[in-house]
Structures are given as structure tokens and as C-alpha cells.
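Everything on this sheet refers to the single structure shown next.
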Protein chains: 2
Amino acid sequence: MNLKQLAEALSLSQTTVSRALNGYPEVSEETRKRVEETARRLGYAPNSQARRLATGRSMAIGHVIPVSLHEMMNPVFMEFIAGAGQTYARFGYDMILTVVPDAQVGAAYREIAVRKKADAVMIHGPRLDDHRHEILQELKIPFLIHGRIPGRENDLSWIDMNNGSAFETATDLLLDLGHRRIALLNGLEDMDFAARRRRGFERAHAHRNLTADPALMRQADMTEPYGASSAHALLDLPEPPTAFLVSSMITAIGVSRAISERGLKMGRDVSVITHDDALSFLPNTGDKPIFTCTRSSVRYAGERAAELLIDQVMPHPDKPVHEYLKAELIIGHSTGPAPKA
Amino acid sequence: MNLKQLAEALSLSQTTVSRALNGYPEVSEETRKRVEETARRLGYAPNSQARRLATGRSMAIGHVIPVSLHEMMNPVFMEFIAGAGQTYARFGYDMILTVVPDAQVGAAYREIAVRKKADAVMIHGPRLDDHRHEILQELKIPFLIHGRIPGRENDLSWIDMNNGSAFETATDLLLDLGHRRIALLNGLEDMDFAARRRRGFERAHAHRNLTADPALMRQADMTEPYGASSAHALLDLPEPPTAFLVSSMITAIGVSRAISERGLKMGRDVSVITHDDALSFLPNTGDKPIFTCTRSSVRYAGERAAELLIDQVMPHPDKPVHEYLKAELIIGHSTGPAPKA
DNA sequence: TTGAAAGCGGTACCAG
DNA sequence: CTGGTACCGCTTTCAA
């Protein structure tokens, strides 16, 4: 069933039928009703490819996600995607998802732009030395960054959470509780978000004329075993930390495992604060959640990001947009006063 | 840069240029070289929409994933998607991902089919009373099921793991170790995979003339808290289980947390076997992994699924295809002989 | 071996 | 308010 056939069935021109279906004002109400009714009855829907070709708009947004060695970003990417996807569906946009090895992301973006597969694209997980935005600017395709690229905060569009201040606040809480040896289990610090978190951690120390001990700071892919083995190693030190600040719930679960494996109790013997991305399968909720955390929903970020990007694509003024999401600090069972030495 | 411009730049017809680029044999080697070289230099790539319209093939596969109340499927869906996506990229297919509320999946599939957005689609997470395949058959679009729909094992294409026998084997292992009160923490049993796992669990008991105690069987979304609270509740019973068989690593982590919260030791006081989907962010590896498990990589399933589906779309005989993935049983730290009563 | 031209299924401009 | 028609950019048949 295509437009031509539908028009014939209605004894109308393709033009009129098309106009009726697309809500043009110059069609009589009566004709419109008849057209819509018949279209529904015959199950007609315009062929996407044809419409795209004719309009020049693909009504699709592209996401290129790298499957790097750093697999740990995946659950976060994916949760973000789920949020964005819902928004796209609501606005009639398609999401085209490209999953490629790190080395091919540039090529993947280029394909999308030059073959006109999408009207805009999203950048995930920016690194300190990221160059994807340059490719995209050269290709003249609108894009939005989930995160920020250092030095390009003002002229590129992005959505991000307050990584630095969230970690500063969390560190403050621990310092307020009397902890003086605090370990940081961070993500890989060539990622912008991790670099910011570390700076926030150090800032909190600096404000009290303390310096964070480098021996207590680690960075790695945010797996569960990373949390467990790091916690064991650090607690084995002659001067072990009394608290941990962790970049991911998954890693925090590892830390909590190590703590109980040593016969200690989290929140009493060792305090833990984690960042909680509010991943749907790892709820850390209730009136007093397991982990004290800084929480910011990645899924919500995805939803908002999609809206922002759709806005950029609309025939609009396109000044860069920025959206800054504030993580909340939530007190759970995992923190308490530093034990007396 | 479009075909016309490229043809002009080369002083050739669009026809010849198109043929040269698409590897048709009737083009002279010399012209082909020249065309390819110039295309590369000018950064030409054919517009996808136009090509799709002309060929009638969209070179895309659709995935519709429901964001249900049962969020817990997400990490599994997403890992599968990541696997499939890589395959698509390799074969030059696009993946179009639609994320909608449960109630709209039918409509979403219909949209894809009738607007010709994709050449084929994937069905995720089949339920016992699933009807998606009927819609798709009516729409005459090829599809593949990740999992099986009861009663339709022979005439529909699917890829699945051996849920039943994997859980039967796991239960056997526990019974061999002397456990007689074994708890099952299953996913929601209106999902086909969970129903099969339960039957496998019961079968293992039946083979020894035992019956599994219904009081020890639970089903729910596979969260971490579900594991922890269930384990606590069950271990509080007058006759507590000595072993747990769990449907997901995430839930198993909850179980392990409950065990240590009670001052017990997993693998000595309480045994645990979990199914391990080999999610990238939850590695359970090493020469002796934390959890004894049945393991089957969902990501690999995604890769294979994509290949099978692409095969179906190719101009080919299209008998239904089935692929049966065998989970391996891997012994970790979490299992041991049943404690003396 | 190359080219002209007719689609593919829509949208949108220009007349009437 | 309705219809004719020229594209959109590519593939593919038919001729040369």
C-alpha cells in the first residue's frame, strides 16, 4: 500500500492525500476525515526512506558507542541509551545505534554524516584528549556531548552532572565525620568525568589544608573485582584508610564484599560513599539505602539529552546548549564516624 | 557531494560511476580505479535513504525493547544489543533501536514493518503468552527470537541457551554435594527462560525421587536487594536451605551479601550457584571464580543472533533456524558440601 | 564498456 | 480547496 494506491482508492490526487495526512491547512475537513479514515482502514503509512529522501531530514539520531577495553562504561552507556530512546520514540525519531571498536568511532560518525543516516549524533564518554567533536564539526552535523570536553565547555553543547562538586561534597562529609585517611577508587582518569571527580576529592582536602595521600588513590575500570581487590590491598596497608569514596556502585559492591570478608562492618569500621548512577538493576533506595551516595540518574540524563538534541535539529537558533545536572547526596547505611585510632 | 556531481567531476555518466562503485563487472578496470580514487578524494558516499528507496532494502535491523516494570532485564538486553550491534556494523547493517513501554511494542513493530524501516527485527525476552510473533508474521517481516515461545519451537527462528538442562545440571551438582534443602531464586516465571529454569530445577529433584519445596522457590525481578532480602528471609526459616540456585549474578551478589551479613561464609556454610550471563561489567572469572555458575555469554548470543538474522534477510531459502547454546558449568568458591545437620 | 531514462515513494511548488 | 509535476539521489533496465 503506497501513496499512489491510496490516492486511487480515494479518487484523489497524491498531493491532496499527502496534504491531508500531514495536517496541511488547505484541505477541507471533510476530505481530511475521509482520507484519514481510509488510510487507517487500509493500513497505510508512508515509507520512511521515501519521505526522508524527499524532505532531506532523516528523523533519526545516531549514537556511536565504542566497545573499548573499558567495558565498564557499558552499563552506563546503555542506561543512557534507554533514556534517550524513550524520548526519541515519543518524538517520532529513530535511534540508530552503532557499536564499534574504539578505533572505528571516527569512521562510524563519518559514515552517519556523509550518508545522511541521521540528523544529529550523540558523543558518549568524552576523554581528556577527545577529538570526535572536530570530526563532527568538519562534517557539519549537530551533536551533543554526554559529559564535557576540557576547554570546550562554552562553545559545544553538552549535558553533564556536577562530577567535581559532587565528589567534593562527598569527601567533605567523610572529613566531617572525622575520617582522615580516605581512599579514592576512581574510574580511569583519562575520562573527563573521572578527572573531575578526582579534582573534587583533592579540593575538599585542600580546603582544610590536608593533602590526599596518592597511595590511597586508584583508577581502573569500574568492575566489582576492582573494588574488592583494591579494598583488600588498601586495608592491608600499615596505615589503612578508614573510608572509601568510590566512582561506581558496582565497584562499591566489591568494596563492601572485601569489608565483610575481613570480618569488618561497613558503616562502622569502614565508611563507604559511592556514586550511584541510579542504574535500574542496582537500586540503592529505601529510606536508608545500603550505600551513602551521590546520585544522579543517567537514564534521566539520556532523556534530557535526547530532548536537547532534537531541539538542535529543529529549525531553530542553534547556540550551544548546556545542561548541568546536580547529583544529590544521600545518606545510607555505609557511613559513620571514623573509628578512634 | 552526490552521485551527479561526482559523475560530472569525472565526465562520466551516473550509471557508470554507480556501477564502478558497486563492483559491477562490466566496468573497465581502469575506469573503476579512477572512479574509486576520485570518490575517495572527494569524500563521496551514497546517500542511504536514496539507495534504500531505490533498492527496496533498508539494510537495517530493528530491535524493540520494552521498558517494562521488569527493568532487570535491561542489562541482559543491552549486552545482547552490544553483541548484535558489532555484527551489524561488520556487515554494513544499521541497527535501529526502539525503546517503548510494554504496551507499545506491538505498535512499534508495526511501524517498523509498514514504513519499511528495517528488513527484519529481533524479539527480546519472550513470555509464556507472547504474541509478538503473530503481529510480525501478519506483517510478513522476518524475525528471530532471543529465547523461545512455548509451542512454537519448530516453526519460528530462535537462538537460546539450554536454560532447563543448565539448571538441572546445577541442581544435580548441589544434590551431589549432599544438599537437600535448595532454594531457587528465579526470574519472573512468566518469562520463558525462567519457566524452563524452574522445570530443570524440579527435574533434578524428581530424578532422585525428591520434591523441591515450594517454600524455597521464589521469583522476582532479578535485583541485588531481591537476592539479599530473600536470602535473609529463607535463612530465617526453621529449616533453612543450605544452598541457593540463583538466576542472575546481580541477585547472587545480594545473596552473598546477606550470607556475610549473617556472619556465615559462602561456600562453607551456604552454597550458591548462579547463572552468569557473562556481563562485561561483572566478570566472574579467574581459575576459581567467586561464584560457581552456569555461564553463557549473552553478548555472544547477540553476535550469533545478528548473523542468523542477516542470513534470513539475504535472498535465501528461509527455513526457520534454531541455535542452541550450551551453558558451561564452572566451579567457583561458592559451593561446597552440605554442612552436617 | 558506457549512457539515457524510468522508476523507487514521497513532498512541495505552482497553477487553476 | 484540489491537482499536475518537478524534484530528492540512487539503482537498474534497455539501447547503443
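To find a chain, count down the sequence lines: A is the first, B the second, and so on, and within it residues start at 1.
Comparing the axis of the opening five pairs of the helix from C/dT1-D/dA16 to C/dG16-D/dC1 with that of the closing five pairs yields an angle of 40°, rounded to 10°.
Applying the salt bridge (charged side-chain N to carboxylate O under 4.0 Å, His left out) rule to A/Arg40 yields no partners; only residues at least two apart in sequence or on another chain are considered. By the side-chain contact (heavy atoms from CB on, under 4.5 Å) test, B/Ser157 pairs with B/Leu144, B/Gln312, B/Pro320, B/Val321, sequence neighbours left out. With sequence neighbours excluded, no residue satisfies salt bridge (charged side-chain N to carboxylate O under 4.0 Å, His left out) with A/Glu8. For A/Glu303, there are no side chain to side chain donor-acceptor pair (under 3.5 Å) partners, not counting sequence neighbours. When the side chain to side chain donor-acceptor pair (under 3.5 Å) test is applied to A/Tyr93, the partners found at least two apart in sequence or on another chain are A/Arg57. For B/Lys33, the salt bridge (charged side-chain N to carboxylate O under 4.0 Å, His left out) partners two or more places apart in sequence, or in a different chain, are B/Glu29. Evaluation of the salt bridge (charged side-chain N to carboxylate O under 4.0 Å, His left out) rule for A/Glu37 yields A/Arg41 as partners, not counting sequence neighbours.
On the nucleic acid side, DNA chain D contacts chain A at distances under 4.0 Å to non-hydrogen atoms, with the end points of that region at D/dC1 to D/dG9.
A side-chain donor-acceptor contact under 3.5 Å links B/Ser13 and B/Thr16.
Under the ring-ring contact (aromatic ring centres under 6.0 Å, His included) criterion, the residue pairs touching residues 38-67 of chain B are B/His63-B/Tyr88, B/His63-B/His124, with sequence neighbours excluded. Applying the ring-ring contact (aromatic ring centres under 6.0 Å, His included) test to pairs two or more places apart or on separate chains, those with a residue in residues 127-155 of chain A are A/Phe80-A/His146.
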Between the protein and nucleotides 9-13 of chain C, are there any N/O to N/O pairs under 3.5 Å, and if so, what are the atom names and distances?
residue	atom	partner	partner atom	Å
C/dG9	N2	A/Ala50	O	3.4
C/dG10	OP1	A/Tyr44	OH	3.4
C/dG10	OP1	A/Asn47	N	3.4
C/dG10	OP2	A/Leu3	N	2.6
C/dG10	O5'	A/Tyr44	OH	3.0
C/dT11	OP1	A/Asn22	ND2	3.4
C/dT11	OP1	A/Arg51	NE	3.1
C/dT11	OP1	A/Arg51	NH2	3.3
C/dT11	OP2	A/Ser18	OG	2.7
C/dT11	OP2	A/Asn22	ND2	3.4
C/dA12	OP2	A/Tyr24	OH	2.5
C/dA12	N6	A/Thr15	OG1	3.2

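DNA chain D is contacted by both B/Glu26 and A/Glu29; A/Glu29 maps to the nucleotide lying nearer its 5′ end (nearest heavy atom per residue).
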